[in-house]
Protein chains: 2
Amino acid sequence: MTSGSRHGGQHSAPTPRVRLVDVAREAGLSKTTVSAALNDTGRLSPAVREKARETARRMGYRPNATARQLRAGRAKLIGYVVGEAADAPSVFLESPYFARLTGATAATALRRGYALVLLPSGSLQSEWADLPLDAVVVTDPGADDRIVDDVLAAGIPVFSDRSVEGRQGAHWVDVDIDAAVRSVLDHFRDQGARRPVLVVPDSTTRFHVEVFAAHREWCAEHGLQERVVRVGEPGNGPVVRAVETALAGGPEADGETVAGGGPAAGVDRPDALLVVAEASPPLVLEAVRRHGYDVPGDLLLVCVSEDATAEQTDPPVTTLTLRPEAIAEAGIDHLVKVLEHGSREPSGTLVPTRLDVRASSVRRP
Amino acid sequence: MTSGSRHGGQHSAPTPRVRLVDVAREAGLSKTTVSAALNDTGRLSPAVREKARETARRMGYRPNATARQLRAGRAKLIGYVVGEAADAPSVFLESPYFARLTGATAATALRRGYALVLLPSGSLQSEWADLPLDAVVVTDPGADDRIVDDVLAAGIPVFSDRSVEGRQGAHWVDVDIDAAVRSVLDHFRDQGARRPVLVVPDSTTRFHVEVFAAHREWCAEHGLQERVVRVGEPGNGPVVRAVETALAGGPEADGETVAGGGPAAGVDRPDALLVVAEASPPLVLEAVRRHGYDVPGDLLLVCVSEDATAEQTDPPVTTLTLRPEAIAEAGIDHLVKVLEHGSREPSGTLVPTRLDVRASSVRRP
DNA sequence: GTGAAAGCGCTAACAC
DNA sequence: GTGTTAGCGCTTTCAC
């Protein structure tokens with residue numbers, strides 16, 4: 001038994017890790033040389049380089065990441081928060097969109113050498129203050145979210161949606177909301193629909209605010225009545241109820257309000273429905289049918305959703321995908337560029353969406 | 001303008017952060033004193049302590065987390081991986097179970113002072129090797145997953161499910177699978193069902209393997225025929241097809257196999273269905289109805305799922321919840337205990353599940 | 001080509 | 001009570 005085995009006490013002490021000095025000593029070299037050999041830097045003779053490497057391997061040497069970070073001055077750690085704190089405590093990730101955005105962001109970041117630290121929405125300053133974060137990604141902050149300000153105040157760059165545009169140290173990546181909404185409404189129009197209704201969350205998230213605005217603008221441009229039902233809270237239940245309100249046409253129901261509510265049912269029934277609130281497509285479809293509509297016969301249906309169940313229903317539901325993977329990639333690309341090329345100038349990137357047309361929104365001939 | 005403002009060049013250099021020395025110098029004290037004042041340690045006169053704190057606050061001092069970590073010897077960072085690597089690349093999180101488990105784990109860990117680093121399944125060793133991880137949490141590793149071995153080999157403690165039981169440096173938290181399966185089958189029996197079918201993924205994850213085993217055992221004990229349909233791949237599509245196979249009763253269909261497949265339809269039709277594969281409850285319900293079953297009249301339905309849509313269907317679907325929040329809490333509690341009290345002895349914790357009985361599994365009188 | 005030494009920013013002995 | 005000093009483990013000039 002060579003050196004390296006310690007006094008095998010009954011407590012099996014937490015294995016004192018082998019450090020660079022240990023390898024150097026063992027190999028009869030200096031720290032410098034071993035470090036250079038392992039990092040492929042400096043000018044070393046191939047023989048020495050190999051010897052250092054071999055020894056390190058044999059001794060099971062693994063560099064101390066923290067020491068490296070300290071030396072390097074950055075930890076290659078990124079904080080990741082999903083906005084809309086207050087009410088929904090840690091139930092984030094529940095929507096397919098955030099789930100995929102989160103997964104993709106983590107994967108992309110890691111590939112670029114950055115690790116993602118999950119910061120549940122509503123995390124207190126004190127909880128992340130002890131983390132060596134190079135930057136923080138804040139997805140869909142609410143208008144009243146403290147997080148963006150707190151992070152910026154701490155001198156940490158923020159990457160978020162377009163709502164932070166122009167702020168010092170803040171950068172953004174966002175979807176082209178206007179184009180997205182227009183693509184759906186144009187599609188409805190192409191299919192002959194004339195009385196589309198929008199169901200959108202009544203939130204301060206930029207995305208929802210912009211959807212509302214884009215819809216209003218499009219309606220004005222096309223001389224159509226603006227029909228909107230706003231959903232008070234997230235969750236399948238409220239959204240389904242909002243859909244029912246939209247189809248009933250009346251401005252009643254709890255928590256929801258309908259703007260420009262037209263006359264009763266009958267002649268003025270909606271003929272197309274755009275559900276922007278995250279909801280399960282099968283449930284939406286079921287609700288629509290409960291109200292006596294045939295899809296797509298009486299009503300064209302499009303959901304903004306990443307939910308894979310949209311392809312499994314009968315008929316399959318047309319979805320507008322925000323392409324979370326693309327957003328993640330654009331965001332991390334941007335982040336790496338800013339972090340590694342030092343610009344603190346505010347800047348942004350726009351990512352296009354994609355409309356996956358399925359049977360639910362195609363008028364049969 | 002006091003000192004502190006740098007040459008306000010057009011490039012606004014990345015703001016050289018104020019360090020402990022800077023505060024000390026400014027306050028006319030030593031590093032030690034300031035450090036003690038800020039950390040509430042040592043014996044300092046209240047006046048000095050306050051002065052140090054005040055100066056630090058005024059200068060916007062924020063301690064360098066990396067330096068602290070180096071000094072402390074641990075980074076308070078935990079890696080988090082969702083198993084079943086190979087095929088499903090980063091699509092993890094998509095299931096409500098993993099989404100909630102992940103969110104809850106992050107939140108709980110952070111509350112206990114540990115930050116969670118998201119490691120997409122299939123991450124390469126080289127991608128996390130540079131992270132100062134104190135431990136790694138691996139949820140539901142597949143039997144052939146390399147990750148657990150890799151992490152243990154790197155000398156990092158692993159917290160996973162019971163499949164790692166007994167391994168050096170590995171600890172586990174798991175649900176009481178046997179009790180869970182029995183509770184459902186007993187419930188079916190109480191409701192008068194005699195021909196229950198199990199739909200379970202054909203995976204090497206311990207959970208699924210154990211569900212299969214527990215079911216088999218229960219059937220043997222009660223002298224019932226063992227009816228099982230195994231699902232080849234995850235996803236709503238395959239699961240729904242498996243459900244259809246189960247109801248058709250025949251051993252056909254692609255990718256699925258039925259063990260103990262009985263005679264054709266008719267007399268031997270299943271009267272209860274336990275879907276353990278993660279699938280959307282509304283879709284399952286719809287599939288069941290397509291095959292002419294009334295729920296719960298002809299067939300009792302229970303899904304193992306955290307999907308909130310289960311409460312929104314008509315009838316609402318009974319679910320067996322694995323209580324991801326409880327698992328997360330038990331896991332992190334366990335982890336903190338091990339990490340901070342140093343035991344490397346393998347150890348484990350069992351978490352009970354909960355059956356939320358809803359109309360889909362209650363025989364009407 | 002190789003090694004000695006400085007130092008990243010912090011904390012904790014240990015003198016004074 | 002307060003300050004001086006020695007590292008935590010690593011990378012990197014800069015002499016030799």
Side-chain angles (χ1 to χ4, degrees), chain A residues 14-53 55-56 59-77 113 129-134 154-156, chain B residues 14-53 55-56 59-77 129-134 154-155:
Chain A
T15 315
R17 259 174 68 161
V18 5
R19 297 155 304 164
L20 193 59
V21 248
D22 299 325
V23 178
R25 195 157 25 225
E26 173 81 9
L29 297 167
S30 82
K31 282 165 47 175
T32 314
T33 309
V34 178
S35 173
L38 264 34
N39 294 328
D40 228 343
T41 67
R43 305 133 317 171
L44 268 48
S45 73
V48 172
R49 177 153 281 160
E50 186 44 43
K51 165 155 200 176
R53 288 187 165 156
T55 312
M59 298 180 72
Y61 169 72
R62 304 197 330 111
N64 179 313
T66 306
R68 284 185 150 176
Q69 289 176 4
L70 181 58
R71 193 73 235 292
R74 47 194 174 51
K76 298 274 201 156
L77 265 194
D130 287 333
L131 291 168
L133 303 178
D134 293 351
I156 302 175
Chain B
T15 315
R17 259 175 66 161
V18 351
R19 299 154 303 163
L20 193 58
V21 246
D22 300 324
V23 178
R25 194 157 27 224
E26 174 82 9
L29 296 167
S30 82
K31 283 166 45 178
T32 313
T33 309
V34 178
S35 173
L38 266 34
N39 293 329
D40 228 343
T41 66
R43 303 125 328 162
L44 268 48
S45 76
V48 172
R49 176 154 284 160
E50 186 43 44
K51 165 154 200 176
R53 288 187 165 155
T55 313
M59 299 180 71
Y61 168 72
R62 303 199 328 110
N64 179 313
T66 305
R68 284 185 151 176
Q69 289 176 6
L70 181 58
R71 192 79 239 295
R74 49 199 171 48
K76 297 273 202 159
L77 266 194
D130 287 334
L131 291 167
L133 302 178
D134 294 349

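Lettering follows sequence order; numbering is per chain, from 1.
Under a 4.0 Å N-O distance rule, the pair A/Arg17/A/Asp22 does not qualify as a salt bridge. Comment: B/Asp130 engages A/Arg68 in a salt bridge, judged by a side-chain N to carboxylate O separation of less than 4.0 angstrom.
Following rounding to the nearest Å, A/Asp130 (CG) and C/dC10 (P) show an atom-to-atom distance of 12 Å. In this entry the distance linking NZ of B/Lys76 with P of D/dC8 reads 21 Å, nearest Å. The distance from atom CZ of B/Arg62 to atom P of C/dC10 is 11 Å, rounded to the nearest whole Å. Between B/Arg25 atom CZ and D/dG3 atom P there is a gap of 14 Å when expressed in whole angstrom units. Look at CG on B/Asn64: it is 18 Å from P on C/dG7, rounded to the nearest Å. Rounded to whole Å, the distance from CG on A/Leu70 to P on D/dT12 is 13 Å. The CG atom of B/Leu38 sits 8 Å away from the P atom of C/dT11 (whole-angstrom rounding). Following rounding to the nearest Å, B/Leu44 (CG) and D/dG3 (P) show an atom-to-atom distance of 9 Å.
Nearest to the side-chain atoms of B/Asn39 among the listed nucleotides C/dG9, C/dT11, D/dC10 stands C/dT11. In the set C/dT11, D/dT2, C/dC8, D/dT2 carries the atom at the smallest distance from any side-chain atom of B/Thr33. Minimum atom distance to the side chain of B/Ala67 is reached by C/dG9, of the listed C/dT2, D/dG9, C/dG9. In this structure, the nucleotide among C/dT11, D/dG3, C/dG7 sitting nearest to the side chain of A/Arg71 is C/dG7. Nearest to the side-chain atoms of B/Pro63 among the listed nucleotides D/dT2, C/dC10, D/dC8 stands C/dC10. Distance from the side chain of A/Leu20 is smallest for D/dC10 among the nucleotides C/dG9, D/dC10, D/dG3.
Proximity of A/Thr32 to the phosphate of C/dG3: no side-chain N or O atom is located under 4.0 Å from OP1 or OP2. At the phosphate of C/dT2, OP1 or OP2 sits under 4.0 Å from a side-chain N or O atom of A/Ser45. Taking side-chain N and O atoms only, B/Arg19 has a distance below 4.0 Å to OP1 or OP2 of C/dG9. Within the 4.0 Å cut-off from OP1 or OP2 of D/dC10, not a single side-chain nitrogen or oxygen of A/Arg68 is found. For C/dC10, neither phosphate oxygen OP1 nor OP2 lies less than 4.0 angstrom from any side-chain nitrogen or oxygen of B/Ser35. Neither OP1 nor OP2 of C/dG9 sits under 4.0 Å from any side-chain N or O of B/Tyr61.
Residues A/Thr66 and A/Ala36 both approach DNA chain D. Their nearest nucleotides, taken by heavy-atom distance, put A/Thr66 toward the 5′ side.
When the options B/Val34, B/Asn64, B/Thr32 are evaluated for a side chain to side chain contact (heavy atoms under 4.5 Å, CB included) with B/Leu20, the one that passes is B/Val34.
Within the model, atoms CG of B/Leu77 and CZ of B/Arg74 stand 11.5 Å from one another, a figure rounded to the nearest 0.5 Å. Atom OG1 of B/Thr66 and atom CD of A/Gln69 lie 5.0 Å apart (nearest 0.5 Å).
When all heavy atoms are compared, the tightest approach of B/Ala75 to B/Pro132 is CB-O, 3.2 Å.
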